[in-house]
Amino acid sequence: MPGTAEVLGRLAKLQVVLRAQTGAAVTAGIGPRFLHSTGQLHKGGSTALVAVQFVSEELADLPVPETEVTFGDIITAQADGDGQVLLERGMRLVRLPISALPE
């Protein structure tokens, strides 16, 4: 999803609400950079984890030079792969379109 100030603000608000309602630790960030830095914690941690993935419905897509794929293909594959690993490790995953992110 785009790392705009609006999206980051909406994530921060959701993080506060979820923490208040559940009493659980809640982390939030924009992937794939976010998952690169914290992936070991999330993918190798407790199966009590509930991951919520917000994914972009529309990507400003560009072709990867000298390949048959686009950057959107790569971003989608990263999100799919991260979700698959979480599920294979017995963790719960909810995947929603970015439009479902509360305002």
Side-chain angles (χ1 to χ4, degrees):
M1 79 173 68
T4 63
E6 176 194 357
V7 168
L8 291 171
R10 290 166 65 187
L11 277 175
K13 287 179 186 176
L14 180 60
Q15 186 177 6
V16 169
V17 169
L18 289 173
R19 186 181 306 125
Q21 289 183 356
T22 65
V26 179
T27 61
I30 304 292
R33 135 183 109 227
F34 174 70
L35 290 174
H36 177 74
S37 63
T38 62
Q40 290 177 351
L41 167 67
H42 295 112
K43 294 178 209 163
S46 168
T47 57
L49 172 84
V50 178
V52 180
Q53 248 185 356
F54 289 98
V55 293
S56 294
E57 297 97 345
E58 297 177 24
L59 298 170
D61 219 357
L62 296 170
V64 176
E66 301 177 20
T67 72
E68 299 293 321
V69 299
T70 67
F71 284 102
D73 294 333
I74 293 170
I75 291 167
T76 298
Q78 286 176 317
D80 291 347
D82 287 326
Q84 183 178 350
V85 169
L86 291 168
L87 292 172
E88 286 172 356
R89 294 183 183 241
M91 297 171 187
R92 293 165 287 174
L93 172 68
V94 177
R95 188 170 186 177
L96 301 169
I98 192 173
S99 60
L101 184 61
E103 302 236 359

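Computed from a prediction, not measured in an experiment: that's the story for all the values here.
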*Please determine which of Val50, Thr47, Val52 meets the side-chain contact (heavy atoms from CB on, under 4.5 Å) test together with Arg92.*
Val50
_Candidate pair Thr70 and Asp73, rule side chain to side chain donor-acceptor pair (under 3.5 Å), full reasoning_ = CA-CA 5 Å; Thr70 67; Asp73 294 333; 3.2 Å; yes
*Shared hydrophobic cluster for Leu87 and Val85 (ILVMFWY, side-chain gaps under 4.5 Å)*: no
*Taking the side chain as every heavy atom from C-beta outward, state whether Asp80 and Arg95 have any pair of such atoms under 4.5 Å apart.*
yes
*If every non-hydrogen atom of Lys13 is compared with every non-hydrogen atom of Glu103, which pair is closest and at what distance?*
CD-O, 4.4 Å
_Is there a path of hydrophobic side-chain contacts, each under 4.5 Å between heavy atoms of I/L/V/M/F/W/Y residues, joining Leu8 to Leu14?_
yes
*Consider only side-chain heavy atoms of I, L, V, M, F, W and Y, link residues closer than 4.5 Å, and tell whether Val16 and Phe54 are in one cluster.*
no
*Specify the closest pair of heavy atoms between Ile98 and Arg10, including all atoms of both residues, with the distance to one decimal.*
O-NH2, 3.9 Å
_Non-hydrogen atoms of Val55 and Ala79 that approach each other most closely_ = CG1-CB, 4.3 Å
*Which pair of non-hydrogen atoms, one from Leu93 and one from Gly83, has the smallest distance, and what is that distance?*
CD2-CA, 3.5 Å
*Within a reach of under 6.0 Å around CD of Glu88, are more than 12 heavy atoms found that belong to other residues, nucleotides or ligands?*
yes
*asked:* Using the rule that Ile, Leu, Val, Met, Phe, Trp and Tyr join whenever any side-chain heavy atoms are under 4.5 Å apart, tell me whether Leu11 and Val17 fall into a single cluster.
replied: no
_Distance (rounded to the nearest 0.5 Å) between Leu101 CG and Glu6 CD_ = 8.5 Å
_Where Val26 and Gln15 come nearest, the two heavy atoms and their spacing_ = O-NE2, 2.7 Å
